[in-house]
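So the structure is just underneath, and the comments pick up after that.
Numbering of ligands and ligand atoms starts at 1, following listing order.
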Amino acid sequence: MKAVLNIAHRGASGHAPENTMAAFERCIELGATAIETDVQMTSDGSLVLIHDESLARTAGSPKLVKDVTLEELQRLDAGSWFDPAFRGERVPTLRELLELVKPYSLLLNLELKNGVVPYPGLEEAVVEEVRRFGMSDRVILSSFNHYSLVKCKRLAPEVRTGILYMEGLYEPWDYASRIGAEALHAYHYAVLPEWVAQAAERGIAYHPFTVNEPAEMRRLLAAGVSGIITDYPDRLAELLKDAEVPGG
Ligand code: G3P
Ligand code: MG
């Protein structure tokens, strides 16, 4: 059986400011086997890792990501909002994260944040960067914008895609097959054991988000999910370690 993926949501975002190099480095130390992060684009076309379209919450500027250059963006402090100890953390580029994980065996789940701001050319730019690093087989592209996922699959059939959704979609494994996606990135309440089994029969994996409570992690592991997206990869690593012990 394949190991369950321990996917750190925005890095170890329970311990360090989300989507910063500090959070990415920390999750590797804590036992993550994959990293989920959010990709957007600056006004000068750089791929950057940040969740909100606005810089207000995590970088203290009223501007939108799409309206600043990389140079302007990287002058902002993306760490202090979380804890003053992280002052000086910057909004990283996708390239910085690819450089960090390249020597490890970690997978990357790149969520294209193009549901609100469309970012023309985002799919092409992400695929090009991933291919430049020779990491096509270590990336899962996901998005709430499923048109974007179809576009990614056309551009790069060799890169896996995961469908992000919140609701109780009816037989989403059929939908996944139809749009060529390999995984269902479902809100964790939209995951029941019988659905996981039916999806698995068709070769479709479940990677629910965002699961921070050990009891809910246990429920999903028992349901047979292929991975869990969490802010606390240390908690999941602990459960997975126990699961490896015979009789554990
Ligand atoms: O990819 C899982 C999760 O990150 C999706 O929601 O809003 O946290 O990016 P959000
Ligand atoms: Mg995300």
Side-chain angles (χ1 to χ4, degrees), residues 4-21 23-24 26-27 32-41 47-59 64-66 78 81-82 91-94 97-98 101 106-119 122-123 126 130 138-149 152 159-169 172 176 179 181-191 196 199 204-213 216-217 220 225-233 235-236:
V4 174
L5 287 174
N6 183 344
I7 311 167
H9 183 236
R10 312 180 193 173
S13 58
H15 300 277
E18 64 186 52
N19 286 327
T20 61
M21 293 309 283
F24 300 141
R26 188 85 183 101
C27 79
T33 54
I35 297 175
E36 188 270 358
T37 185
D38 308 291
V39 186
Q40 299 194 52
M41 208 184 242
L47 298 172
V48 292
L49 308 178
I50 182 165
H51 179 271
D52 300 1
E53 289 78 13
S54 156
L55 296 164
R57 180 175 62 90
T58 60
L64 299 179
V65 178
K66 73 174 180 63
W81 70 273
F82 184 84
V91 174
T93 60
L94 174 59
L97 177 60
L98 290 165
V101 302
L106 273 95
L107 299 189
L108 280 187
N109 170 200
L110 303 178
E111 180 189 343
L112 306 190
K113 271 279 177 242
N114 51 3
V116 178
V117 174
Y119 296 121
L122 181 69
E123 297 89 347
V126 170
V130 168
R138 289 174 53 191
V139 166
I140 304 169
L141 298 171
S142 65
S143 183
F144 285 102
N145 179 343
H146 302 173
Y147 284 88
S148 182
L149 292 179
C152 288
V159 181
R160 280 171 282 176
T161 55
I163 300 175
L164 273 165
Y165 64 97
M166 299 292 293
E167 315 78 6
L169 292 185
I179 71 167
E182 286 81 0
L184 296 167
H185 289 213
Y187 185 47
H188 65 101
Y189 292 121
V191 182
V196 178
I204 307 291
Y206 265 96
H207 299 147
F209 69 92
T210 297
V211 188
N212 292 335
E213 295 309 318
E216 180 66 347
M217 289 175 179
L220 293 162
V225 300
S226 303
I228 292 179
I229 300 173
T230 178
D231 297 336
Y232 295 93
R235 295 180 188 169
L236 182 56

Determine whether the side chains of S143 and N114 contain a donor N or O and an acceptor N or O closer than 3.5 Å.
-> yes
Among protein heavy atoms, which sits nearest to [atom], and what does the distance come to when rounded to 0.1 Å?
{"atom": "atom 1 (O) of ligand 1", "value": "E36 OE2, 2.8 Å"}
{"atom": "atom 5 (C) of ligand 1", "value": "E111 OE1, 3.4 Å"}
{"atom": "atom 6 (O) of ligand 1", "value": "F144 CE1, 3.8 Å"}
{"atom": "atom 3 (C) of ligand 1", "value": "H9 NE2, 3.5 Å"}

Would you call [X] and [Y] a side-chain contact if the rule is heavy atoms closer than 4.5 Å?
{"X": "E18", "Y": "W81", "value": "yes"}
{"X": "T33", "Y": "L107", "value": "no"}
{"X": "E53", "Y": "Q40", "value": "yes"}
{"X": "M166", "Y": "F209", "value": "yes"}

Need the atom name: nearest N/O/S atom of [X] to the Mg ion (ligand 2).
{"X": "E36", "answer": "OE2"}
{"X": "D38", "answer": "OD1"}
{"X": "E111", "answer": "OE1"}

Any atoms of ligand 1 less than 4.0 Å from a non-hydrogen atom of [X]? List them with their elements.
{"X": "D38", "answer": "9 (O)"}
{"X": "K113", "answer": "7 (O), 9 (O), 10 (P)"}
{"X": "R10", "answer": "7 (O), 8 (O), 10 (P)"}

Where does H51 meet ligand 1, judged by heavy-atom distances below 4.0 Å: at the side chain, the backbone, both, or neither?
->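 Near ligand 1, H51 shows its side chain, while the N, CA, C and O stay back.
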Using the side chain to side chain donor-acceptor pair (under 3.5 Å) rule, pick out the option among N212, N19, D231 that qualifies with S13.
-> D231
Measure from the side-chain N and O atoms of D38 to the backbone N and O of K113, and report whether any donor-acceptor pair falls under 3.5 Å.
->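 No: the side chain of D38 does not pair with the backbone of K113.
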May I have the step-by-step check of ring pair (Phe, Tyr, Trp, His ring centres under 6.0 Å) for H15 and Y232, ending in yes or no?
-> CA-CA 8 Å; H15 300 277; Y232 295 93; 5.3 Å; yes
